[in-house]
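The structure presented is a predicted model; accordingly, all values stated were derived computationally and were not measured. Start at 1 and go down the list; that is how both ligands and their atoms are numbered. Numbering of residues begins at 1 and proceeds along the displayed sequence.
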Amino acid sequence: MAKDHHQPHSFTKKLLPWTLYTILPIAIFRCYFYPLQFPHSSTDELSLNTPIIITSSSSSSPSFTSSSLSKEGEIRADEPPCDYTNGNWVHDKIGPLYNGTTCGTIKEGQNCITHGRPDFDYLYWRWKPKECKLPRFDPNTFLELLRNKHLAFVGDSMARNQLESLLCILSTVSAPNLVYRNGEDNKFRKWNFASHNFNISVYWSPFLVDGVEKSNTGPNYNKLYLDRIDEKWGADLDRIDMTVLSVGHWFLHPAVYFDGDSVLGCHACDGLNHTEIGFYDALRKALKTTLKTMTERRGSSDKVLDMFVTTFSPAHFEGEWDKAGACSKTKPYKEGEKVLEGMDAEMRNLEVEEVDLAKENAKQFKGMRLETLDVTKLSLMRPDGHPGPYMYPNPFANGIKERVQNDCVHWCLPGPVDTWNQILLEIIKRWEGQSRKRE
Ligand SMILES: *[C@@H]1O[C@H](CO)[C@@H](O)[C@H](O)[C@H]1NC(C)=O
Ligand SMILES: *[C@@H]1O[C@H](CO)[C@@H](O)[C@H](O)[C@H]1NC(C)=O
Ligand SMILES: *[C@@H]1O[C@H](CO)[C@@H](O)[C@H](O)[C@H]1NC(C)=O
């Protein structure tokens, strides 16, 4: 099954990304970077101030004070931090944290259950890290820890995927209100959980740094200004307590890279007379600029900024992107069955490296905490978690067609992304324990 992925030579590793962009561009372009190319009914989008439908339970969550948290041993400051990176997916009878058919906030293309995905086994898996336990997500704990705070997801459609998972989980105990929305396809939104004066928002910023996205009317390549962050989110940084950054896939596109006014080079830019420099260095520079700017702006502030970088989320196109069966697996890979390598590994590694460098740099400040949300491996092991053809409702209602679009990049909700948020909560709990110990 995984035999075609065992490519030990570094040559092959280097080659893989290049091969990928000859195979993937159409899929990438049509399928997931341009959601606007898929007109979907506006009924799936909430209108301003519409309360989100709650799946279950009361909106008045049991009051969960900080002291009761520690009494229950929820927050453990003394244990060494868990390595969530390596582990195994184990079958789990309990099932998802929310019911996707009633959650109200899921982007149409990721709402696999309502779109008629016939198999449900993909909902019954739990990530088991090698050396520790990943507890089931407790929404009340999360809301309590983020009381009076503003959490912002910043990045591309993966950031949105993760945000919607979290919103769905939290909606099971408290009703969020959409208090702001702006931009095509609701690219900028903010919700308020009145129960905890907690705000959660999403900022569309597929490069984190300033940039101009390619379009049908403008140049068919992206322009990235690697020396400055995108102020569409940067300007709000003062009002943010915690950010989750998530980028990667948009860097694969044709692009020209700038440092100030000068062109550094480009990627997949035939005919532009710039030097091809690949996208890895561009992503690295973009992250460096972002983490450095955030540290400069917030490091000395009294208000702590918590920062996460979600690592690269692998795609699972295993056949032609527009044929049935592009990602048709219905079970996770077993441990050792799938090796993290090639572009997925390179993207993840450089993200981890940049966060580690920024962590070192942040040590001199008291106003910054940052961590990698290392989800690449655990996500790689979930070829079964993508919408595939169920990005559209009932794709096979009239039999199997010659061509069918597949989304093998984003994740069904509920689905594996819920685990990313479980890990997010565990790290926040650990931080809380540490800061309480210091007090
Ligand atoms: C989700 O909830 C709805 C309404 O309560 C119910 O009809 C449906 O069967 C549930 N779906 C799943 C997968 O649990
Ligand atoms: C949450 O958002 C509301 C509405 O924009 C604002 O009035 C409030 O101060 C925000 N609270 C926090 C904790 O950011
Ligand atoms: C491409 O760039 C080189 C070096 O800057 C320059 O000499 C050449 O004239 C350029 N070619 C075109 C077609 O612009």
Salt bridge Lys377-Asp344, side-chain N to carboxylate O under 4.0 Å: no
Those atoms of ligand 2 less than 4.0 Å from some heavy atom in His150: 14 (O)
Those atoms of ligand 2 less than 4.0 Å from some heavy atom in Lys149: 13 (C)
Atom 2 (O) of ligand 2 - nearest protein heavy atom and its distance: Asn199 ND2, 2.4 Å
Atom 4 (C) of ligand 2 [closest protein heavy-atom partner, distance rounded to 0.1 Å]: Lys190 NZ, 4.2 Å
Atom 9 (O) of ligand 2 within contact range, any protein heavy atom under 4.0 Å: no
Criterion side chain to side chain contact (heavy atoms under 4.5 Å, CB included) against Met294, the qualifying member of Leu245, Ile240, Ile229: Leu245
Listed partners of Lys93 passing salt bridge (Lys or Arg N to Asp or Glu O under 4.0 Å), at least two apart: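 With neighbours one apart ignored, the set is empty.
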Test salt bridge (Lys or Arg N to Asp or Glu O under 4.0 Å) applied to Arg297 - qualifying residues, sequence neighbours left out: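 In terms of salt bridge (Lys or Arg N to Asp or Glu O under 4.0 Å), with neighbours along the sequence ignored, Arg297 is linked to Glu231.
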Structural part of Asn197 in contact with ligand 2, heavy atom criterion under 4.0 angstrom: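 The answer is both.
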Parallel, tilted or perpendicular: ring planes of Trp420 versus Trp411, cut at 30 and 60 degrees: perpendicular
